[in-house]
Amino acid sequence: MTTPVTEQKVEGDQVVNPWEVSAKDGGKIDYDKLIEKFGCQRIDQTLVDRVERLTSRPAHIFLRRGVFFAHRDFIEIMDLYENGKKFYLYTGRGPSSEALHLGHLVPFMFTKYLQDAFKVPLVIQLTDDEKCMWKNLSVEECKRLARENAKDIIACGFDITRTFIFSDFNFIGGAFYENMVRVSKCVTFNKVVGIFGFTNEDHIGKISFPPVQAVPSFPSSFPHLFSNTKNLRCLIPCAIDQDPYFRMTRDVAPRLGYNKPSLIESSFFPALQGETGKMSASDPNSAIYVTDSSKDIKNKINKYAFSGGQDSIENHRKFGANLEVDIPYKYLSFFLDDDAELEHIKTEYGAGRMLTGEVKKRLIDVLSELVERHRRARAAVTEEMVDAFMAVRPLPNMFS
Amino acid sequence: MKSTLFFLAVSIVGKSKPHLLYFRGFRYWIRLLLLFFIPNEEKTKMGVYTKDQLLARLKELQIEFASCTHPAVLTVEAQAKYVGHLGGGISKNLFLKDKKHRYYIISALAATTVDLKVLSQRLGLGKGGLRMAPEEALQEILKVSLGCVTPFATMNESAQSVSLLLDEGFKAQQGCLFHPLSNEMTISLNSRDLDKFLISMGRKPVYVDMEAAPLVGKDQPPDLAFLIPSGVPKVDQPEKDEVSSKIHISEKNTRTETIIHANNKKKSPEKLHSAPIADVRTFVDELIERMSASVLSEIAKETDKEQKELPGSVIDGIKKYLGADFSNLAMSFKNAAYTEGFHSGIQSVLLKTGQNITSYGK
């Protein structure tokens, strides 16, 4: 799974694409540059306020804290929603492993909020075929992983009367495949090489995969769900490294007479060892997994979470903590709902009056509760429930 | 009360075992819950009011009104012959509906010109959006007969989501004449007293200048758009009709369940939301409201303090903390109940066609 964008690496530029994310010279990802390079818009406070107004509830923590910070045509979706025109949500996951960590849950937590706040349906794609091709796993193993991951996704609290989960191996065919062929006809080999960096050595499975991820953005791919609603828009919450797929989709859509999907994109979830570290499945201490016990969480945070505090207590009281690189504070900004409390920690910790240990303790409490809640919800998910979520069935009240 | 709270706490906060609360059990649990949290309004069984109940209610509220009985009248002209001596302005009342099956009562002085086209535009329904409602709707929704439309009809439960527009001109009159749910009688009361009555029934009186014709266009939004009802009137229809007419069997079980859930929830809330589906948020809000109300009253009993003296912040804290937890549990539960219904539906179809598949969708 080597990505042939090595020439960019040599230049020392940051690399962001669906298969690789790395910062320039081992530093932090420059999001402003990324937005500029990709051509999307920033989400500002007025947009967040507007969302609050339209949904009559407080905005989700990820919107308030700027985790979801970029968008394409989200304003248009809001305008249409205000005029009574609904939309549907589309997100997905590549089920490469059974172990999900908190970073994997971020887009799903946000999507659940969007589903509840706007009362719209959702399709979730499990790209088991992609993982089969890229990670060289067997078809059976990928299908199994897809079902296991589906359980964790369901545990995030999606509404079964509004959600359709599907795995590529099970669902592709019919109208979905017809759209795939239509999209494939519009994208040349040169184009995919340019967007995704494929080479002559890559197998043809990889090269023909992109339409699979593009097509769920078109409502005609799901005739059992959306055959009655004309001109339904699609909103895709995803991490910003998935942007290339949807740039391609947005380019193709008008040529097929479809609406362009809108996007709302999130930044990357930092690894425990800090922004420069990489979250990898082989290193269990690089992330908090949803299967971790409270003891594991406490251990991991205390031992491995990269601290922005100074090396000695005197220095810390003098200079305060470096909040830019401090992982416990960063994690709290993701998961601590109380704005006032976070602000308090920011001032006290930044000034050096609060110690790293206290911040870590607070984080351990927050994360333990989160993981415990997820674990309980996961335990309530049965095989039958997964079957029901994945069944091709109509959703009569999906907009109520 | 304490045992119920405990039962409730155990059911909710404890380990949520879906198999213990199979959907029949779930219905039972909901009914038990509702039994103990007694609704606190004294509405009649079906929420339908008679003329005598209305007059009694007016007297209770100490509203002065003059009345006079007469043979049944169907038009304003006929009514005018009998009620001249009462003084005040006779009202003409129109029962209208729009294309999306939402209903409106327009109550205006007989002398006021009411242009339906203009009103339709002001409501944001376009030029021809308002029509006279069919006769059946009069009976079904307002529970009155022909010639008897009156603002008082909005007190009926079935008319909760009917929007009421009152003529501004009423305010200038000493008395306004309306039918008190029967066209064999007319009562005259002051518009302020009418307001008092409507407010007591949980309705906000809205007065509109019927003859005004403001421009409605791209830059001028319809000024009466806020009067569009948010729900569709709940008409008594047996659930069996809906269920038997469904083609998709998998839908059948889930719809039965969700209708039953929704109807069970709707038995006691004061505000009637025509939410046709099992909505987690409204369910949890209601749960928390009832729990905090009873907790507050229990604490008040124990400490002999007035309920109002107790810190509201405690309740807010509980709401915030429990709200998220309850929502998750409720969603988990809803999904489990749907799943069971779904699979039963599949099995039932398969049994009918003579097959027998144990697992589906692998």
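In what follows, chains carry the letters A, B, and so on, assigned in the order in which the sequence lines appear, proteins first and then strands, with residues in each chain numbered from 1. Note that the coordinates shown come from a computational prediction; the quantities given were computed from them, not determined experimentally.
- Of the two parts of A:K119, only the side chain, counted from C-beta on, holds a non-hydrogen atom closer than 4.5 Å to a non-hydrogen atom of chain B.
- A donor-acceptor contact shorter than 3.5 Å links the side chain of B:N335 to the backbone of A:F158.
- Considering only heavy atoms from C-beta on, B:N328 stays 4.5 Å or farther from A:R376 through its side chain.
- One distance of note links CZ of A:F389 with CZ of B:F342; it measures 11.5 Å at 0.5 Å rounding.
- With sequence neighbours excluded, no residue forms a salt bridge (charged side-chain N to carboxylate O under 4.0 Å, His left out) with B:K99.
- Classification of A:D159 and B:R281 as a salt-bridged pair fails, no side-chain N sitting under 4.0 Å from a carboxylate O.
- Between B:A324 and A:R373, the closest heavy-atom pair is CB-NH1, 3.9 Å.
- For a residue to count as touching a neighbouring chain, one of its non-hydrogen atoms must lie under 4.5 Å from one of that chain's; by this rule A:M390 does not touch chain B.
- More than 12 heavy-atom neighbours from other residues, nucleotides or ligands sit within 6.0 angstrom of NZ on A:K86.
- Counted within 6.0 Å of CZ on A:F169, heavy atoms from surrounding residues, nucleotides or ligands total more than 12; the atom is thus considered enclosed.
- With chain B as partner, the option from A:E384, A:K112, A:K143 having the largest number of non-hydrogen pairs under 4.5 angstrom is A:E384.
- For chain B, the nearby part of A:D116 is the side chain; its heavy atoms alone come within less than 4.5 Å.
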